[in-house]
Amino acid sequence: MKTLTIHQVYQALLTLHGPQGWWPLQNLASPYHPGDYSYPHTAAERWEIALGAVLTQNTAWTNVEKALQNLQQQGLSHLPAIQAVDETSLGQALRPAGYFRQKAKKVKILASFWPNFDRQRHLPLAEKRERLLALWGIGPETADSILLYAHQEPIMVIDTYTKRILRALGVLDAQANYDDWQQYVHQEFPRDYKMLQELHALLVAHAKIYFSRQGPATSPLMSIGKAKGKRADKF
DNA sequence: AACCAGGACGTGA
DNA sequence: TCACGTCATGGT
């Protein structure tokens, strides 16, 4: 079946939605503006991205924002405060983000690991990825989100939205696993962190509008490509 | 009132 | 490996 290339998808989404400019955290000193890929500049900003990557696991970003507001109000935005607070209290602040007991544990583990890891951010990508994956609570998507957005490493994030859109376009079959998806994108798309950030952010923005499980919207991508069906109905 | 949201882990086969 | 249950709050 004839399908769009990843690069064609990227160009189409860029025309449709414009530059996204992730990561969309709110507590940052220097917010991430579309077109500005020099961010993040400071250790505090890199930590906020890592924190947000854990909090948004299978969770709507609006709920993550509420949890981040709680942390700020309770003086728990910075790393030392999170390291000092007990897990139960941290969990209460994280309640709006869901899975609050698990996420409190995950955040405590990541917080103790982060300073040394961030200090060694010049280490090889593969080694850093292994170290992240060795942590309880950090899976492939969270690890790659941290590497791509906090450390500006050229690695693709594969989330449910990415798979949903690319599968609907007939890119890979249903039995592909995370590494299969990632290798495919890496083969077909420039290994450039700025472009990979935009590609992923654009896929998420597009999916929120046109690939929600409830919404009736029909994606313009489906008419550009030759994929059959207006939108994927089962994933 | 079910269903869903930018996953990851533990378990059993 | 891999499918399946579990974790949890807030919006639609």
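This structure is a prediction, so every number in the text was calculated from the model and none was measured.
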Taking any heavy-atom pair under 4.0 Å as a contact, classify [X]: base, sugar-phosphate, or nothing.
X	value
L203(A)	nothing
K103(A)	nothing
G98(A)	base
F100(A)	sugar-phosphate
E141(A)	sugar-phosphate
L133(A)	nothing

Closer than 4.0 Å, any side-chain N/O of T56(A) to the OP1 or OP2 of dG7(B)?
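It does not, given that no N or O in the side chain of T56(A) lies less than 4.0 Å from OP1 or OP2 of dG7(B).
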Using only side-chain N and O atoms of T59(A), determine if any of them is under 4.0 Å from OP1 or OP2 of dA8(C).
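Negative; the distance criterion is not met.
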Using atom types as modelled and distance alone, determine if a side-chain donor or acceptor of [X] lies under 3.5 Å from a backbone N or O of [Y].
X	Y	result
Y210(A)	P220(A)	no
K106(A)	I138(A)	no
R164(A)	F211(A)	yes

d([atom1], [X]; [atom2], [N]) in whole Å:
X	N	atom1	atom2	result
L135(A)	dG7(B)	CG	C1'	15 Å
K105(A)	dA8(B)	NZ	C1'	12 Å
N177(A)	dG7(B)	CG	C1'	15 Å
N58(A)	dG10(C)	CG	P	15 Å
N63(A)	dT12(C)	CG	C1'	12 Å
R101(A)	dG7(B)	CZ	C1'	18 Å
R164(A)	dG7(B)	CZ	C1'	13 Å
Q175(A)	dT1(C)	CD	P	15 Å

Picking from dA8(B), dG11(C), dT9(C), which would you name as closest to the side chain of K66(A)?
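Between dA8(B), dG11(C), dT9(C), the one nearest the side chain of K66(A) would be dG11(C).
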By nearest atom, which of the nucleotides dG10(C), dA8(B), dA5(B) is closest to the Q57(A) side chain?
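It is dA8(B).
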Mutual orientation of the aromatic rings belonging to W114(A) and H151(A) [parallel < 30°, tilted 30-60°, perpendicular > 60°]
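Answer is tilted, since the angle falls between 30° and 60°.
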Check the angle between the aromatic planes of W61(A) and W23(A) and answer parallel, tilted or perpendicular using the 30° and 60° thresholds.
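Plane angle over 60°, so perpendicular.
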Distance only, no hydrogens: is a donor on one side chain within 3.5 Å (strictly under) of an acceptor on the other, for H200(A) and T162(A)?
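No, because no side-chain N or O of H200(A) sits under 3.5 Å from a partner of the opposite role on T162(A).
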Can you find a side-chain donor-acceptor pair between E188(A) and T5(A) that sits under 3.5 Å?
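There is no such pair (donor and acceptor under 3.5 Å, judged by atom type) between the side chains of E188(A) and T5(A).
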Would a 4.5 Å heavy-atom cut-off, applied to side chains only, mark I146(A) and R46(A) as touching?
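With C-beta onward as the side chain, the pair stays apart.
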Please write out the pairs of protein N or O atoms and N or O atoms of nucleotides 10-13 of chain B separated by less than 3.5 Å, giving the distance to one decimal.
from    : atom 1 : to      : atom 2 : distance (Å)
dG10(B) : OP1    : W136(A) : NE1    : 3.2

Distance between the P atoms of dT11(B) and dA8(C), in whole angstroms?
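My reading of the P atoms in dT11(B) and dA8(C) gives 16 Å.
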